[in-house]
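Working notes, structure below.
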Amino acid sequence: MKKFSIAVLPGDGIGPEVTKQAVNVLKAVGKKYSAEFVFKEGLIGGCAIDACGKALPEETLKLCRESDAVLLGAVGGPKWDDLPGDQRPEAGLLGIRAGLKLYANLRPALIFPSLKGASPLRPDLVKDGLDVMVVRELTGGIYFGRRGRTTTAEGEAAAFDTEIYSVPEVKRVARVAFEIAKVRRKRLASVDKANVLESSRLWREAVTELSLEYPEIELTHMYVDNAAMQLVRNPAQFDVIVTTNMFGDILSDEASVITGSIGMLPSASLGDGKLGLYEPVHGSAPDIAGQDKANPLASILSAAMMLKYSLGLSEAADDMEKAVNRVLESGCRTADIATPGTRLVGTEEMGKLIADCI
Ligand code: NAD
């Protein structure tokens, strides 16, 4: 029997509720696929601040480094909103990504056939479905470049942020994207602004050079303004998208909103090794916390990504995704995705339905 250690960081608000369901589904998967998952919990975010004064305690980072994968819930809430930026629960998220050297953020945007009606796009635009994987560079670019305040020659206040990328930084995230394209539909769109930005011209050169190692992948380059437009005009044309930190931040939100609900969206953050961090895209949703209303599917689908990318259990991951689809097709919905004629279920029941389906 294969044994895996999984660090579970439930966090705040609905984090613990949805994570509990993902863990239950993983236990069902473990039984079916003869895999033993050893879950160890750690603190992150507001609950960690309350317990030990830091959003990311050293022992949490140590636990994650010693694990095969990390499953995170969500952090934050009104209780901690007045703390200064670097002491807020969200600082724990930046800390853990940096601490584990996770430079590639994967956000799949997938419309489940039974949820086509939830997309804000016209039905004819999503009739061919949507299954896009956005790979965003996570630890470089303008969010990490030199920034500051200055004054113009005329004495007016001014500010600057610097977009900087090195060739190895571009190639390592592009490699992740090429590898993912290899096991999907073999198409990769690299998004930049090479008609204006020098950093984008270097990005494009580096991705093109790397593409020589992947002759089976059809690589295209697209300007970010065009990509933003194409995503809402003809989303089915995309398979994998790779792009910089800032463009990825914006495009992954755009791609995800096309799918309907934030409660459905998983994510993975990867580095050089197998260790990855898996978390729903949504936050701690304090408005519905503790009421058995949260949709646990984003967390459950994040756990499926964990099986695929960190634990090498692709078949089990597919099984989990199929279970989600089957339960949705049976008409069961949490409040965020409910439509007339569907059956309303709570967080616990939705989790149990998926686990039973496995
Ligand atoms: P949010 O994602 O928590 O909530 C936005 C809206 O979506 C709310 O109405 C909420 O009820 C709903 N929602 C979110 N997840 C849902 C789910 N699984 N099922 C059903 N409905 C769901 O974003 P917000 O309200 O802007 O932020 C709340 C807190 O979460 C803040 O403290 C913020 O800083 C934090 N946050 C954390 C993360 C993270 O941990 N990765 C991400 C974003 C925001």
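For ligands, and for the atoms within them, numbers begin at 1 and follow the listed sequence. Since this is a predicted model, take the numbers as computed values, not measurements. In what follows, every heavy atom counts, from backbone to side chain, and hydrogens, waters and symmetry copies are set aside.
Contacts between I14 and ligand 1 below 4.0 angstrom, taking non-hydrogen atoms only, involve the side chain exclusively. With a heavy-atom cut-off of 4.0 Å, L72 does not touch ligand 1 at all. Contacts between N295 and ligand 1, counted as non-hydrogen atom pairs separated by less than 4.0 Å, involve both the backbone and the side chain. Within the 4.0 Å heavy-atom criterion, the part of P286 lying near ligand 1 is the side chain and not the backbone.
Every atom of ligand 1 with a heavy atom of G77 under 4.0 Å away is listed here by number and element: 32 (O). Counting atoms of ligand 1 from 1 in the listed order, those under 4.0 Å from a heavy atom of G263 are 17 (C), 18 (N). Near A294, with a cut-off below 4.0 Å to any heavy atom, the atoms of ligand 1 are 19 (N). Listed by number with element, the atoms of ligand 1 under 4.0 angstrom from any heavy atom of G76 are 32 (O). With ligand atoms numbered from 1 in the order given, ligand 1 contributes 39 (C), 40 (O), 41 (N) to contacts under 4.0 Å with heavy atoms of L93. Taking every non-hydrogen atom of E279 and a distance limit under 4.0 Å, the qualifying atoms of ligand 1 come out as 41 (N). Atom numbering of ligand 1 starts at 1 in the shown order; those under 4.0 Å from a heavy atom of A74 are 40 (O).
For the side chain to side chain contact (heavy atoms under 4.5 Å, CB included) with T347, the lone residue among K20, Q21, Q291, K352 that qualifies is Q21. Among V176, V240, V134, the single residue meeting the side chain to side chain contact (heavy atoms under 4.5 Å, CB included) criterion with L106 is V176.
In terms of protein heavy-atom proximity, atom 3 (O) of ligand 1 is nearest to A285 N, 2.8 Å. Among all protein heavy atoms, the one lying closest to atom 33 (C) of ligand 1 is E90 OE2, 3.4 Å. Nearest to atom 7 (O) of ligand 1 among the protein's heavy atoms is I262 CG2, 3.8 Å. The protein non-hydrogen atom at the shortest distance from atom 22 (C) of ligand 1 is I288 CD1, 4.0 Å. Among all non-hydrogen protein atoms, the one lying nearest atom 9 (O) of ligand 1 is D287 OD2, 3.0 Å. In terms of protein heavy-atom proximity, atom 37 (C) of ligand 1 is nearest to V75 O, 3.1 Å.
Through side-chain heavy atoms spaced under 4.5 Å, either directly or across other Ile, Leu, Val, Met, Phe, Trp or Tyr residues, L138 is tied to no other residue.
Protein heavy atoms are found less than 4.0 angstrom from atom 30 (O) of ligand 1. Checking atom 18 (N) of ligand 1 against the protein gives a heavy-atom contact under 4.0 Å. Atom 5 (C) of ligand 1 is never approached by the protein to below 4.0 angstrom, counting heavy atoms only. Inside a 4.0 Å radius of atom 15 (N) of ligand 1 there is at least one protein heavy atom. In this structure, atom 25 (O) of ligand 1 has no protein heavy-atom contact shorter than 4.0 Å.
Using a cutoff of 4.0 Å between basic side-chain nitrogens and carboxylate oxygens, E36 and K27 are not scored as salt-bridged. The pair D318-K322 fails the salt-bridge criterion, with no side-chain N (NZ, NE, NH1 or NH2) lying under 4.0 Å from an Asp/Glu carboxylate O. Using a 4.0 Å cut-off between charged nitrogen and carboxylate oxygen, R201 and D192 do not count as a salt-bridge pair. At a threshold of 4.0 Å, the pair D239-R187 does not count as salt-bridged, since none of the basic side-chain nitrogens sits closer than that to a carboxylate oxygen.
Looking at G283, S299, S267, it is G283 that brings a heavy atom closest to atom 1 (P) of ligand 1.
The backbone N or O of A338 sits nowhere less than 3.5 Å from a side-chain atom of T342 that would complete a donor-acceptor pair.
For the 3.5 Å distance criterion, the side chains of D12 and W80 fail to qualify, holding no donor opposite an acceptor. N226 and Q230 share a side-chain donor-acceptor pair at under 3.5 Å. In summary, the side chains of S269 and N105 do present a donor paired with an acceptor at a separation below 3.5 Å, with no hydrogens or angles considered.
Screening residues 210-249 for ring-ring contact (aromatic ring centres under 6.0 Å, His included) gives F178-Y214 as the qualifying pairs, with residues at least two apart or on separate chains.
Not a single N or O atom of D81, backbone or side chain, sits closer than 3.5 Å to an N or O atom of ligand 1.
Closest approach of L251 to A227, counting heavy atoms only: CD1-CB, 4.2 Å.
Annotation: cation-pi geometry satisfied between R172 and Y103 (NZ/CZ under 6.0 angstrom from ring centroid, within 45° of ring axis).
Within the model, atoms CG of L56 and CG of L43 stand 10.5 Å from one another, a figure rounded to the nearest 0.5 Å.
Note on ligand 1: A298 sits outside its first shell, no heavy atom being nearer than 4.0 Å.
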